Amino acid sequence: MDSNIVTRFAPSPTGFLHIGGARTALFNWLLARHFGGKFLLRIEDTDRERSTRKAVDAILDGLLWLGINWDDEPIFQSSRLNYHAELAEKLVKEGKAYRCYCTPDELEAMREEAKNRGLSPKYNGMWRDRDPRDAPSGVKPVIRLKAPLEGETTLRDIVQGEITVSNDQLDDMILVRSDGTPTFMLSVVADDHDMGVTHVIRGDDHLTNTFRHMQIFNAFGWNIPQYGHIPLIHGPDGAKLSKRHGALGINAYRDMGYLPEAVCNCLLRLGWSHGNDEIISRDQAVEWFTADNLGKSASRLDFSKLANLNGHYMRIADNDRLLEELLRIIGDVSEERQRRLMIGMNGLKQRAKTMLELRDIASIYVDDFIPIRIDADSREILHKIFLKLESIQDWSEENLDKKLREFSAEIGISFGKIAQYLRNVLAGKKITPSIFEMLVAFGKNESMSRIKAVLW
RNA sequence: GUCCCCUUCGUCUAGUGGCCUAGGACGUCGCCCUCUCACGGCGAUAACAGGGAUUCGAAUUCCCUAGGGGACGCCA
């Protein structure tokens, strides 16, 4: 492998970019970046019924959000349909493919028969060597590949190792439909060849397709790319990912408050490892990633691990970036409140595992103040605290800390008690960042007026 | 039904014949730190699916069984 490697991600735009697709894209991207090659994008929109522009946008946005960029312009497979059909025609001329006039009913009967005989359900080659002059009139034919009948096909998969399948397991697949449009099998092969793709990492649900793809490559006499089939990601219950659990669009993860670098890191560790390393930056991943350490067994997405990773990336994230992202979630707030958020961000971000949690904790700096009610004893102590605070000029965390601890010793009330009063009065909550941080974030004026509002 | 793949703590994984009385991370549970909550630190918990074979020696190689997954369309 060298800098000439070309990888690709080829989603079909029939829905959003789900977590499995995102991981496939990430692996291909990393492989290309690691070796200084190219990462290309191909939109497989040949199923006109189900493909939508909206889905294309969702996929592109999702990739961009994850920081996965692609080289060259994305290729839309639909624009190459005629060309693909011509290629098939060429194979027919060369005797490597043929027209088949079977009806759906006949095909159904064949599969049924094969099944009854204990074989895998497949086409029986009925028109393979039949004279085209026997063609029934009025039936539009499909074009099928003359696949080898004997021998076996061996795939040297860069993840799964050597896999051999007997050729009699594979039937003469359809290359061109009766309406003249090429099938996925043909289009993928032709496009991968034309795009110069050298390495394909994809889900192992494609494993059996790969043997078919190889036969088509061979029919054309083209070089076959290196394949690496990675296991699918399963839901938390071990079953196939479905809408119920993790099969959400990547945008859903953003909505749940995850940072893209956390999602990437989590995805990267699902099926790939580098010794005992867990937290792996993007640059580090590019440096370390090769197909050698890809795992062969299926894995599940663990949200608590994602959350842990996300907490880490939030803690090391720039405060202004977090503020920007927070404002995106809660909408715009006054300058004064933004100022408080920025001052308090260090304390806020280490208490949140997701942006949503950050939003909740940050509410103390954003929500309108509602004075709590206190009893007479508390009022007396709070009044003393009020007078003390009023006398403090240097409104810094260090000085407030020093002065309030001295004060605690003077009046013989534990510092914990004092902190508890202040916390409750300033924020109206029992769980908050440090009281000094809040005092500074609110500023002396606001802090004093909040205490006043409770006292009187 | 046929073919293919997979199987180490609850989860993600390290491990490529001796360094493994199996390591790390998340989770969980304790303790410490401490103005609450977090963060951080320390510790505990917990796994080689089962059975054969090869070998002086097997989580690591081979075979069988079981369980799980995937593929068998004029979808991609």
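Note that the structure is predicted; figures quoted are calculated from it, not measured. Every chain is numbered from 1, with letters handed out A, B, ... down the list of sequences.
- When the ring-ring contact (aromatic ring centres under 6.0 Å, His included) test is applied to A:F220, the partners found at least two apart in sequence or on another chain are A:W222.
- Atom CD1 of A:I361 is separated from atom C1' of B:U36 by 12 Å (rounded to the nearest Å).
- The pair A:R450-A:E446 meets the salt-bridge criterion, since a charged nitrogen lies less than 4.0 angstrom from a carboxylate oxygen.
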Distances for protein N or O near nucleotides 49-51 of chain B N or O, under 3.5 Å:
none

Filtered N/O pairs between nucleotides 3-10 of chain B and protein, under 3.5 Å:
unit_1	atom_1	unit_2	atom_2	d
B:C3	O4'	A:Q169	OE1	3.2
B:C5	O3'	A:Q160	OE1	3.4
B:C5	O2'	A:Q160	OE1	3.3
B:C6	OP1	A:K296	NZ	2.8

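- In terms of phosphate contacts, A:R315 brings a side-chain nitrogen or oxygen within less than 4.0 Å of OP1 or OP2 of B:G40.
- Under the Watson-Crick and G-U wobble criteria, each requiring two contacts below 3.5 Å, nucleotide B:U28 is paired to B:A44.
- Within 4.0 Å (heavy atoms only), A:G203 reaches no atom of the nucleic acid at all.
- Side-chain atoms of A:N209 and base atoms of B:A71 include no donor and acceptor less than 3.5 Å apart.
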Please enumerate all protein N or O atoms sitting under 3.5 Å from an N or O of nucleotides 29-34 of chain B, with distances to 0.1 Å.
none

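- Searching all strands for a Watson-Crick or G-U wobble partner of B:C62 with both distances below 3.5 Å returns B:G52.
- Within the structure, a side-chain polar atom (N or O) of A:R111 is placed less than 4.0 Å from OP1 or OP2 of B:G73.
- Residue A:K349 places none of its side-chain N or O atoms closer than 4.0 Å to OP1 or OP2 of B:A38.
- Using a 4.0 Å cut-off, no side-chain N or O of A:N424 falls inside it from OP1 or OP2 of B:U36.
- In this structure, A:T46 reaches the sugar-phosphate backbone alone: every heavy-atom distance under 4.0 Å involves primed, P, OP1 or OP2 atoms, never a base.
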Show which side-chain atoms of residues 265-279 of chain A pair as donor or acceptor with protein atoms under 3.5 Å away, not counting sequence neighbours.
unit_1	atom_1	unit_2	atom_2	d
A:N265	OD1	A:I280	N	2.9
A:N265	OD1	A:Y313	OH	2.5
A:N265	ND2	A:E278	O	3.0
A:R269	NE	A:D277	O	3.3
A:R269	NE	A:E278	OE1	3.2
A:R269	NH1	A:W272	O	2.9
A:R269	NH2	A:E278	OE2	3.3
A:W272	NE1	A:T290	O	3.3
A:H274	ND1	A:D277	OD2	2.8

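- Nearest-nucleotide positions on RNA chain B place A:R269 closer to the 5' end than the other of A:K140 and A:R269.
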Would you be so kind as to tabulate the donor-acceptor pairs closer than 3.5 Å made by side chains of residues 416-424 of chain A, with sequence neighbours excluded?
unit_1	atom_1	unit_2	atom_2	d
A:R423	NH1	A:T432	OG1	2.9
A:R423	NH1	A:P433	O	3.3

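- For a distance-only test at 3.5 Å, the side chain of A:R423 qualifies as a donor-acceptor partner of the base of B:C35.
- With distances taken from any side-chain atom of A:K353 to the nucleotides B:C35, B:A76, B:C39, the minimum falls on B:C39.
- Figure legend. B:A71 is base-paired to B:U2; pairs are counted as Watson-Crick or G-U wobble with both atom distances under 3.5 Å.
- If you check every strand for non-hydrogen atoms under 4.0 Å, A:P11 touches nothing.
- Ring centroid separation for the pair A:F27 and A:H34 does not come in under the 6.0 Å cut-off.
- In the set B:C37, B:C26, B:A14, B:C26 carries the atom at the smallest distance from any side-chain atom of A:K305.
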